[in-house]
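Single-structure report; data block below.
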Amino acid sequence: MRTIIEPFRIKVVEPIRMTTREERLALLREAGYNVFLLRSEDVLLDLLTDSGTSAMSAEQWAGMMRGDESYAGSPSYYRFEEAVHEVFGFEHVIPTHQGRAAERILFETLCGPGDLVPSNTHFDTTRANVEAVGARAVDLLIPEGLRPSEVHPFKGNLDVERLEALIRQEGVDRIPLVMLTLTNNSGGGQPVSMANVKAVSEVCRRHGIPLYIDACRFAENAYLIRLREEGYADRPVREIAREIFSHADGCTMSAKKDGLANIGGFVATRDAELAQRQRNLLILTEGFPTYGGLAGRDLEAIAIGLREVLEEDYLEYRLASVRYLGEAIAAGGVPIVQPPGGHAIYIDAAAFLPHISPLELPGQALVAELYLEGGIRGVEVGTVMFGRRDPDTGEEHPAPMELVRLALPRRVYTQSHVDYLVEAILAFAERREQVGGFRFTYQAPVLRHFTARFEPMYEPA
Ligand code: F0G
């Protein structure tokens with residue numbers, strides 16, 4: 001095996017700033033130990049999210065210049081529409097400013113109060129948009145998907161038996177659509193197999209329920225199918241992607257992930273009548289159907305990004321780089337969600353810092369310490385994000401898992417950045433017994449992780 005290399009060279013550089021440990025401690029204190037409240041210039045390697053943080057290619061920047069800003073009927077829209085037809089195969093395409101706007105339009109036009117929307121796992125914004133129209137979001141992940149250390153090639157799969165049982169119990173009329181999130185972001189960036197897509201689609205067809213895909217990370221999922229599923233090793237990844245979508249009735253997409261763009265999204269469908277209603281709603285809040293809340297130049301960047309993301313050399317490097325990070329820290333004794341998934345490595349903070357109980361926020365401690373150790377910004381996906389505080393008693397309830405996500409922006413960091421990450425994480429591992437927990441000093445009533453402030457229950461050095 002040779003060294004993983006980036007299948008691109010660098011034309012424009014953006015300096016990142018080294019800080020001293022002392023500076024970082026002062027900055028972190030000032031931010032109430034919440035890395036969301038740091039300035040990004042004070043972060044060396046920013047792994048907060050892979051969303052909207054991709055580096056665009058020379059072709060995409062060229063496309064930005066070609067962007068036509070006509071209000072109606074812009075050629076940029078038609079290039080975007082053609083790219084979506086080519087990659088996904090859906091007839092009707094409606095651009096939106098990002099993924100959650102596509103979700104809102106989909107659920108508002110398909111669901112109502114009392115409905116149920118099953119999925120492998122709804123992403124937070126998806127769940128929130130389902131609930132906003134009075135419907136209930138139901139997660140039907142296979143049980144392996146909730147066991148961090150267990151190795152299974154497709155931990156994003158939906159439990160088909162439970163889907164059948166739910167349909168029997170609740171009746172077809174209460175289930176206006178089924179969703180599949182590719183890859184399953186909330187469950188560790190884990191892929192869904194083609195066999196599972198087919199099986200879910202078959203159940204949906206039998207009952208006349210449409211199947212929609214949350215396609216944010218479709219290219220990474222397609223490549224993981226190629227690497228892990230029998231019969232796909234020699235298939236071009238474009239074909240694998242087309243095959244996935246051939247089993248679905250439509251999709252929502254945040255182009256900020258596998259669209260390799262900094263903003264944008266869309267909803268797509270085969271249903272002409274539904275598309276018409278969606279366009280009417282789009283005009284109300286997003287804009288005219290040939291731009292949908294985006295500039296013409298953004299549509300150009302997405303059209304090019306959707307094709308570039310399916311280039312085999314890119315995907316091979318992308319997945320190898322994530323795997324390398326995961327395997328290197330796991331070999332050094334850091335427990336991660338296994339196996340490494342598509343866009344991020346998730347450290348199991350509960351297993352890594354077993355001396356800190358869930359209500360003492362081990363994920364928060366790890367996020368703070370990774371910043372102190374190496375200027376690295378990850379995100380807590382545990383009790384801070386998903387735990388609950390009883391509004392009456394003030395009692396805290398922990399989340400089911402205490403994870404820290406290290407999401408890799410696309411085409412941004414190099415292999416030596418990844419090596420640095422490994423070194424910093426393993427250096428922290430050496431002294432992990434010396435750190436303690438955290439407590440909230442401020443929390444908002446909803447979505448508390450964004451603005452919360454904390455204090456350490458030990459003396460960070
Ligand atoms: N679906 C999934 C699976 C996502 O991961 C996201 C965003 C969305 C939908 C919403 O898309 O942000 O364009 O409105 N995930 C980001 C993240 C925020 O950091 O994982 P959006």
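Heads up: numbering here begins at 1 and tracks the sequence. What you are looking at is a predicted structure, and each value in this text was computed from that prediction instead of being measured. Order of appearance sets the numbers: ligands from 1, and atoms from 1 within every ligand.
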Subject >> Pair Tyr77 + Tyr291: ring centers closer than 6.0 Å >> reply: no
Original post:
Pairs in or reaching into residues 134-149: which pass side-chain hydrogen bond (donor to acceptor under 3.5 Å, both in side chains), with residues at least two apart or in two chains?
Top reply: Arg127-Asp139, Arg147-Glu150
Subject >> Under 4.0 Å from ligand 1, counting heavy atoms only: the protein residues, by chain and number >> reply: Thr49, Ser51, Gln98, Gly99, Arg100, Glu103, Phe123, Thr125, Thr181, Asn185, Asp214, Cys216, Arg217, Ser254, Lys256, Lys257, Arg405
Subject >> Set of salt bridge (charged side-chain N to carboxylate O under 4.0 Å, His left out) partners for Arg279, sequence neighbours left out >> reply: none
Subject >> Residue pairs involving residues 239-271 (criterion ring-ring contact (aromatic ring centres under 6.0 Å, His included); sequence neighbours excluded) >> reply: Phe80-Phe266, Phe88-Phe245, Phe88-Phe266, Phe90-Phe245, Phe218-Phe245
Subject >> Exercise: do Thr19 and Arg24 side chains pair donor with acceptor under 3.5 Å >> reply: yes
Subject >> Donor on one side chain, acceptor on other, Thr285 and Arg104, under 3.5 Å >> reply: yes
